Each structure stands twice: as structure tokens, then as C-alpha cells.
Amino acid sequence: MSDSNTTDFTNPSTFILLGIPGLEAAHIWISIPFCAMYAIAVLGNFTILFIVKREPSLHGPMFYFLCMLAVTDLVMSTSTLPKMLSIFWFNSREISFSACLTQMYFIHSFSKMESGILVAMAFDRYAAICNPLRYSMILKNSVVAKIGLAVVLRSGIITLPYPFLVRQWPYCRTNIIPHFYCGYIVVLKLACADIRINSYYGLFNLISVSGMDMFFIAVSYTLILRAIFRLPTKDARLKTFGTCISHLCAISALYIPDLVSSLIQRFGQNVPLHFLILITSVYQLVPPMLHPIIYGVRTKQIQGRLIQLFTHKET
């Protein structure tokens with residue numbers, strides 16, 4: 001490491017993002033699938049928003065939550081991908097201290113927001129299957145708006161300490177971040193201080209947010225499955241369960257990479273760094289790309305509207 005990168009300083013004006021250390025020679029090639037996934041995520045999520053806005057029959061709780069998920073996916077992917085591509089394509093590695101903290105806040109708050117929206121969607125499925133006659137009364141537009149506001153406030157407030165906790169420490173060793181974005185734990189590891197309290201707060205957030213959200217989702221699906229098994233015929237059970245497939249796929253796409261990435265960052269000291277970063281990139285890129293595909297393929301209303309749009313253009 002050069003002397004310019006190890007000079008003592010209290011708070012750096014800029015950080016240097018390395019991208020994926022150890023795979024610098026392959027950055028251009030890695031950028032191709034990443035860029036394709038980002039393009040699919042942007043196009044797919046904007047398409048979901050456009051279709052729901054244009055089609056009055058889709059103005060219901062399920063599709064409102066889907067729009068919230070689409071907006072969250074767009075912000076999450078845009079918080080990291082443009083900077084990643086600028087590193088890979090133009091070697092633009094510098095990021096100011098304030099921009100780093102801002103990126104950190106957006107990434108972590110919107111990832112928690114996405115988790116909260118999936119809980120709301122699980123509640124939507126529970127209400128639709130377990131209380132179909134009261135569904136419209138349970139999930140009125142005002143209730144959907146309050147749920148959305150609660151998800152945004154919870155995510156924003158619980159993540160708010162992150163940039164303040166990071167800002168308070170001195171950074172006297174290096175300003176080099178071996179990653180393609182400013183993650184909370186990654187930046188904290190550069191601090192010249194005992195960061196155990198900060199690390200514990202991050203772990204508390206992981207358990208209290210992701211853990212609690214998964215618990216509520218598990219409870220919802222326990223009740224849903226109990227209701228499904230009470231249906232009289234196999235066809236009715238399969239048809240009802242089919243309405244949950246898209247949501248279950250969305251849950252898997254978000255939580256599995258998130259948990260693996262978080263656990264490896266804290267406990268996987270012997271895991272190669274480039275493998276950890278690639279796992280993190282899966283968490284950042286794959287859910288925003290997959291969600292519109294999953295719901296576009298599995299949701300007949302959206303699928304039908306898409307077919308109408310393309311058919312109309314052809315005629």
C-alpha cells in the first residue's frame with residue numbers, strides 16, 4: 001500500500017472504493033452481467049409502475065404494495081450500481097465522506113424498507129386467503145397508506161444512527177474501502193477505535209428487523225397454509241397456494257443473500273474477500289431484477305396488460 005494511502009488523518013475527505021479486490025483484471029467482464037441486470041431491474045420496475053398506474057383494475061392493495069416494492073428496488077439498485085459501473089469502466093474510485101455516508105444510509109434503510117414491504121405483502125396474502133369476504137374492509141386504501149408510512153418511518157429511523165455512528169470515529173490508518181460501495185460494517189472496520197458497540201447495533205438491527213420480519217412472514221404463512229389445507233379439493237388448494245408463489249419467490253430472493261452476506265461479513269474471517277463481495281452484489285442486484293420478472297410472469301393481471309400493450313403497438 002502506498003504512503004499516500006496510509007498517511008494519518010482524523011476524518012478523510014474522500015474514500016477510495018476498490019471495486020472487487022483480487023478481480024481487477026476481470027472488472028470489465030464482470031460489469032457486463034451487472035449492467036444487464038441493472039437495465040432489466042430499471043426497465044422491469046418502471047414497467048410495473050406504469051402498468052399499475054394506467055390500469056384502474058389494478059388499483060388495489062396487492063398492486064399498491066407491489067408498486068412500493070418496485071420503487072424500493074429502483075432506489076436500492078441505483079444507490080450502488082452507477083458507482084460500481086463507474087469504478088469498473090472509468091476507474092472512478094473516489095467518493096467523498098458525505099457521499100459515502102449518504103450512500104450507506106440509502107442502502108441500509110431501503111433494504112429494511114424492502115423487508116417491511118414483504119411483510120405487508122404477506123399480510124395482504126393472509127387477508128385475501130383467510131378472510132376473503134372482509135378483504136376490502138381490512139385493507140382499505142387508508143390502511144395501505146398507513147402501512148406504507150409505517151414501513152418507511154421504521155426503516156428510516158432505525159437506520160438513522162448509522163451515519164452518525166460512523167462519523168464519530170477517527171480514521172487514521174487508511175481511506176481505502178475494499179468494496180464497491182460504502183457498507184456500514186465495511187466502513188467501520190477502517191476506524192481507529194473500539195467499534196464493538198457499533199457492530200452490536202448493526203447485529204441488533206439485523207435480528208430485530210430481518211428476524212422479526214421473517215417471524216411475521218412465517219406466522220402469516222402458517223395461518224395461510226392452515227386455511228389452504230381446509231379447502232375441500234386439491235385443485236382449490238393448488239390454485240389458492242399459487243397466488244402466494246410470487247411472494248415466496250420474492251422473499252427467497254431477498255432474505256437468502258442478505259442473511260448469508262451479513263453473517264459472512266461478521267463471522268467469515270477466512271472467506272475470500274472477492275467471494276464475499278460477489279455475494280453482496282447478488283443481494284444488491286438480483287432481487288430488484290427478479291421481482292418484476294416474478295410478478296410479471298406469475299400475475300395474470302399484469303401479464304394480460306403487458307400483452308395488451310404489445311398487441312396494441314403491433315396493430
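These figures come from a predicted structure and were not determined experimentally.
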Under the side-chain contact (heavy atoms from CB on, under 4.5 Å) rule, what do Q168 and N198 come out as? Steps first, then yes or no, please. CA-CA 11 Å; Q168 70 174 329; N198 305 65; 3.9 Å; yes

I'd like to know if the side chain of R93 pairs up with that of N91 as donor and acceptor (distance under 3.5 Å, no hydrogens or angles considered). yes

Where the side chain of H27 meets the backbone of I20, is there a donor-acceptor pair that is under 3.5 Å apart? yes

Minimal heavy-atom distance between L17 and F180, with the atoms involved, is CD1-O, 3.8 Å

Would you give the length of the straight line joining atom CZ of F34 to atom OG of S77, rounded to the nearest 0.5 angstrom? 13.0 Å

Looking at T243 and T240, would you say the former's side chain and the latter's main chain have a donor-acceptor pair under 3.5 Å? yes

Nearest 0.5 Å please: distance from the CD1 atom of I185 over to the CG atom of L203. 8.5 Å

Donor-acceptor check, side chain of K83 to backbone of S92, threshold 3.5 angstrom: yes or no? yes

Are any of the side-chain heavy atoms of I129 and C244 separated by less than 4.5 Å? yes

Side-chain donor-acceptor contact under 3.5 Å, T78 with Y38: yes

Check against side-chain contact (heavy atoms from CB on, under 4.5 Å), R154 and V209: CA-CA 9 Å; R154 183 196 70 159; V209 176; 3.6 Å; yes

Is the shortest heavy-atom distance from the side chain of M68 to the side chain of V144 under 4.5 Å? yes

Determine the interplanar angle of the F15 and F97 rings, folded into 0 to 90°, and report it as parallel if under 30°, tilted if 30 to 60°, perpendicular if over 60°. tilted

Do other residues, nucleotides or ligands put more than 12 heavy atoms under 6.0 Å from I28 CD1? yes

Grouping I, L, V, M, F, W and Y whenever their side-chain heavy atoms are under 4.5 Å apart, do Y105 and F164 come out in a common cluster? yes

Between Y181 and C100, is there a side-chain heavy-atom distance shorter than 4.5 Å? no

Report whether F204 and M104 are members of the same hydrophobic cluster (ILVMFWY, side-chain heavy atoms less than 4.5 Å apart, transitive linking). yes

Non-hydrogen side-chain atoms of Y201 and P161 separated by less than 4.5 Å: yes

Is there a donor-acceptor pair closer than 3.5 Å between any side-chain N or O of T159 and the backbone N or O of G156? no

Side chain T14, main chain S96, donor-acceptor under 3.5 Å: no

Is any side-chain heavy atom of R125 less than 4.5 Å from a side-chain heavy atom of S220? no

When you measure from the side chain of E114 to the backbone N and O of T72, does any donor-acceptor pair fall under 3.5 Å? no

Which residue is it: Y126, F241, Y221? I am looking for the one with a ring-ring contact (aromatic ring centres under 6.0 Å, His included) to H247. Y221

Do M84 and W29 sit in the same hydrophobic cluster, where Ile, Leu, Val, Met, Phe, Trp and Tyr count as joined when their side-chain heavy atoms come under 4.5 Å apart? no

Please confirm whether the backbone N or O of F65 pairs with a side-chain atom of D124, one donor and one acceptor, at under 3.5 Å? no

Give the cluster check for L153 versus F123: same hydrophobic cluster or not, with ILVMFWY residues linked at side-chain heavy-atom distances below 4.5 Å. no

Neighbour count above 12 (heavy atom, 6.0 Å) for F106 CZ: no

S109 vs Y162, test: side chain to side chain donor-acceptor pair (under 3.5 Å). Steps then yes/no. CA-CA 10 Å; S109 63; Y162 278 5; over 6 Å; no

Within this structure, what is the OG1-NE2 distance for the pair T80 and H179, rounded to the nearest 0.5 Å? 10.0 Å

Output, in order, the C-alpha distance, side-chain angles, deciding distance and verdict of side-chain contact (heavy atoms from CB on, under 4.5 Å) for L238 and K234. CA-CA 6 Å; L238 290 175; K234 182 179 178 180; 4.0 Å; yes

Under the side-chain contact (heavy atoms from CB on, under 4.5 Å) criterion, do M212 and I207 qualify, and how do the steps go? CA-CA 7 Å; M212 190 176 297; I207 295 171; over 6 Å; no

When rounded to the nearest 0.5 Å, the distance separating CG of L66 from CG of L49 is 8.0 Å

Any chance you could measure L188, atom CG, to C182, atom SG, to the nearest 0.5 Å? 11.5 Å

Roughly how far, to the nearest 0.5 Å, is the CD1 atom of I293 from the OG1 atom of T47? 11.0 Å

Heavy-atom side-chain contact between I48 and F63 under 4.5 Å: no

How far apart are the closest heavy atoms of H59 and V52, and which atoms are they? NE2-O, 2.8 Å

Indicate the atoms forming the closest heavy-atom contact of I158 with S208, along with that distance. CD1-OG, 4.0 Å

Single-linkage hydrophobic cluster L85~F90, side-chain heavy atoms < 4.5 angstrom: yes

Quickly, which of V166, I195, I177, I176 forms a side chain to side chain contact (heavy atoms under 4.5 Å, CB included) with L190? Name it, please. I177

In terms of heavy-atom contacts, R167 and S98 come closest through NH2-OG, 4.1 Å

Nearest heavy-atom approach of A193 to P170 is CB-CD, 4.5 Å

Is any side-chain heavy atom of S115 less than 4.5 Å from a side-chain heavy atom of Y255? yes

How close do L118 and I251 get, counting heavy atoms only, and between which atoms? CD1-CA, 4.1 Å

Does Q103 use its side chain to pair, donor to acceptor, with the backbone of L101 at less than 3.5 Å? no

Between M121 and I117, is there a side-chain heavy-atom distance shorter than 4.5 Å? yes

Give a yes or no on whether E94 atom CD has more than 12 heavy-atom contacts from other residues, nucleotides or ligands under 6.0 Å away. no

